[in-house]
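No experiment lies behind these values; they were computed from the predicted model shown.
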Amino acid sequence: MSDTFSSQSFETVAIHAGNTADPLTGAVVPPIYQVSTYKQDGVGGLRGGYEYSRSANPTRTALEENLAALEGGRRGLAFASGLAAEDCLLRTLLAPGDHVVIPNDAYGGTFRLFAKVVSRWGVEWSVADTSDPAAVRAAVTDRTKAIWVETPSNPLLGITDIAAVAQVAKETGARLVVDNTFASPYLQQPLALGADVVVHSLTKYMGGHSDVVGGALVVNDAELGEELAYHQNAMGAVAGPFDAWLVLRGIKTLAVRMDRHSENATKVAEMLTRHARVTRVLYPGLPEHPGHETAAKQMKSFGGMVSFQVAGGEEAAVAVCDRAKLFTLGESLGGVESLIEHPGRMTHASVVGSALEVPADLVRLSVGIENADDLLADLQQALG
């Protein structure tokens with residue numbers, strides 16, 4: 001991270017890091033360098049280090065500099081999707097015979113990557129309740145190379161004490177990987193709490209408008225950053241220039257959006273706790289949430305994701321999703337518009353029958369930035 005931004009506020013960094021004026025025209029927004037290759041001034045005479053856009057592209061560079069600054073890291077890397085970022089990370093960190101501790105509540109795509117892809121490569125994994133550092137420690141073996149954490153987790157909104165688990169990782173020689181997608185760097189900065197790698201699905205809050213797919217890794221270790229960059233180029237699942245530009249644009253309003261997401265989600269969660277058909281509300285901003293104190297310690301506020309369970313079981317939960325009107329039935333999250341889904345049949349279908357299986361009566365909300373009263377009214381009619 002540039003020293004220029006280390007003393008500035010998040011909102012300022014989000015708008016300015018990586019967003020230097022174009023040297024040719026003075027354009028205040030970085031251009032979309034929609035180009036595959038670059039003219040060389042003689043063999044090996046590269047202008048700015050650019051030769052081929054899989055290896056580097058100026059628009060992607062701008063995003064990667066911005067990401068590093070926002071997370072307080074030394075190196076940021078942008079990918080075609082969150083899972084592409086995860087795949088690059090795992091193939092950089094791990095070799096056949098290695099072991100990873102994964103959370104008992106994780107994104108279904110992440111679980112699928114471990115269970116169906118990486119495991120075929122000879123990498124083993126085991127599940128732990130990452131909200132309990134002792135349980136994480138007990139799951140570590142002498143072959144554990146990484147501890148994987150989501151906080152808040154998807155979809156049960158579990159909270160992990162990053163600093164406590166970072167200590168476990170340090171003591172056991174493992175790398176701590178934190179998926180920061182639900183929080184975004186505005187609400188939480190895992191590297192400052194001891195994490196080794198931060199993972200993002202840029203598709204979600206960072207892009208913020210449901211119009212781009214992307215992923216990112218941010219690290220502080222310069223050597224690890226170089227290794228990841230080597231694999232990023234060798235494997236090739238990089239963010240395209242237009243996608244990088246869209247994420248850069250989205251990040252400029254991240255702070256104000258996250259404030260509104262959090263404000264609306266708090267109102268939604270509080271309403272749901274009072275509804276007769278709701279049996280349980282999962283939101284770290286509620287004082288009764290088991291991770292509330294930890295979340296308050298390591299997060300600026302509590303985010304825009306809310307999950308809840310309904311009386312009547314799976315069919316009742318599906319019916320709530322179907323009756324919602326303002327909340328759009330759809331996968332993904334983090335956009336300005338509110339979304340509703342049934343994790344068991346949608347985003348987390350891949351974990352059915354595993355230790356990560358989610359409750360059948362669970363509904364997940366991505367609370368947008370619409371008028372809160374309109375959102376509450378829609379949920380009330382959907383619940384009946």
Once you round to the nearest 0.5 Å, how far does [atom1] of [X] lie from [atom2] of [Y]?
{"X": "T253", "Y": "D259", "atom1": "OG1", "atom2": "CG", "answer": "11.5 Å"}
{"X": "H348", "Y": "H342", "atom1": "NE2", "atom2": "NE2", "answer": "12.0 Å"}
{"X": "T37", "Y": "K39", "atom1": "OG1", "atom2": "NZ", "answer": "11.0 Å"}
{"X": "L254", "Y": "Y186", "atom1": "CG", "atom2": "OH", "answer": "8.5 Å"}
{"X": "W148", "Y": "T130", "atom1": "CH2", "atom2": "OG1", "answer": "12.5 Å"}
{"X": "D41", "Y": "L46", "atom1": "CG", "atom2": "CG", "answer": "9.0 Å"}

Between the side chains of [Y] and [X], is the shortest nitrogen-to-carboxylate-oxygen separation below 4.0 Å, so that they form an ion pair?
{"X": "D161", "Y": "K297", "value": "yes"}
{"X": "E270", "Y": "R274", "value": "no"}
{"X": "K145", "Y": "D98", "value": "yes"}
{"X": "E64", "Y": "R75", "value": "no"}
{"X": "D373", "Y": "K267", "value": "no"}

So, for [X] and [Y], which heavy atoms are closest and what is the spacing to 0.1 Å?
{"X": "Q298", "Y": "I162", "answer": "OE1-N, 3.2 Å"}
{"X": "V213", "Y": "S81", "answer": "CG1-CB, 3.8 Å"}
{"X": "S354", "Y": "F111", "answer": "CB-CZ, 3.6 Å"}
{"X": "L67", "Y": "V218", "answer": "O-CG2, 4.0 Å"}
{"X": "Y205", "Y": "M258", "answer": "CD2-SD, 3.3 Å"}
{"X": "L90", "Y": "V118", "answer": "CD1-CG2, 3.7 Å"}

Please answer: with hydrophobic residues joined when any side-chain heavy atoms are less than 4.5 Å apart, are [X] and [Y] in the same cluster?
{"X": "V165", "Y": "V101", "answer": "yes"}
{"X": "F182", "Y": "L282", "answer": "yes"}
{"X": "M206", "Y": "V212", "answer": "yes"}
{"X": "V123", "Y": "L356", "answer": "yes"}
{"X": "L365", "Y": "L376", "answer": "yes"}

side-chain hydrogen bond (donor to acceptor under 3.5 Å, both in side chains): pairs with one or both residues in residues 322-334, sequence neighbours excluded:
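Matches after skipping sequence neighbours: none remain.
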
side-chain contact (heavy atoms from CB on, under 4.5 Å) evaluation trace for R364 with N154
CA-CA 9 Å; R364 191 190 74 179; N154 182 7; 2.9 Å; yes

Short question: side chain of [X], backbone of [Y] - any donor-acceptor pair under 3.5 Å?
{"X": "H292", "Y": "P284", "answer": "yes"}
{"X": "T144", "Y": "A146", "answer": "no"}
{"X": "Q381", "Y": "D378", "answer": "yes"}
{"X": "E150", "Y": "Y107", "answer": "yes"}
{"X": "H275", "Y": "M271", "answer": "no"}
{"X": "S366", "Y": "L333", "answer": "no"}
{"X": "S350", "Y": "G108", "answer": "yes"}
{"X": "T59", "Y": "Y33", "answer": "yes"}
{"X": "E357", "Y": "G353", "answer": "yes"}
{"X": "H289", "Y": "G291", "answer": "yes"}

Within 6.0 Å of [atom1] in [X], more than 12 heavy atoms from elsewhere:
{"X": "R345", "atom1": "CZ", "result": "yes"}
{"X": "E293", "atom1": "CD", "result": "no"}
{"X": "E171", "atom1": "CD", "result": "yes"}

One pair to check against salt bridge (Lys or Arg N to Asp or Glu O under 4.0 Å): R74 and D221. What are the steps and the verdict?
CA-CA 7 Å; R74 298 179 67 179; D221 185 311; over 6 Å; no

Using the rule given for side-chain contact (heavy atoms from CB on, under 4.5 Å), can you reason through L383 versus L272, listing the C-alpha separation, both sets of side-chain angles and the distance that settles it, and then say yes or no?
CA-CA 10 Å; L383 284 161; L272 291 171; 3.8 Å; yes

Checking [Y] against [X]: is there a side-chain donor and acceptor pair closer than 3.5 Å?
{"X": "E341", "Y": "T347", "value": "yes"}
{"X": "T110", "Y": "E86", "value": "yes"}
{"X": "T160", "Y": "T151", "value": "no"}
{"X": "N264", "Y": "E370", "value": "no"}

In sequence, state the C-alpha distance, the side-chain angles, and the governing distance for E124 and S119, and then conclude on side-chain hydrogen bond (donor to acceptor under 3.5 Å, both in side chains).
CA-CA 6 Å; E124 298 180 0; S119 62; over 6 Å; no

Should N180 and Q188 be marked as a side-chain contact (heavy atoms from CB on, under 4.5 Å) after you check the CA-CA gap, both sets of side-chain angles, and the distance that decides it?
CA-CA 7 Å; N180 204 29; Q188 178 174 270; 2.9 Å; yes

Check the pair V100 / L93 against side-chain contact (heavy atoms from CB on, under 4.5 Å), numbers first and verdict last.
CA-CA 10 Å; V100 183; L93 292 182; over 6 Å; no

Give the ring-plane orientation class for Y50 versus Y38, where under 30° counts as parallel, over 60° as perpendicular and anything between as tilted.
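Ring orientation, 0 to 90° scale: tilted.
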
Taking only residues two or more places apart in sequence, or in another chain, which ones meet E11 in a salt bridge (Lys or Arg N to Asp or Glu O under 4.0 Å)?
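E11 satisfies salt bridge (Lys or Arg N to Asp or Glu O under 4.0 Å) with no other residue.
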
Passes side-chain hydrogen bond (donor to acceptor under 3.5 Å, both in side chains), H200 versus E71? Steps please.
CA-CA 11 Å; H200 278 286; E71 285 287 3; 2.6 Å; yes

For residues 235-252, tabulate all N or O donor-acceptor pairs below 3.5 Å that involve a side-chain atom, not counting sequence neighbours.
residue, atom, partner, partner atom, Å
W245, NE1, P30, O, 3.3

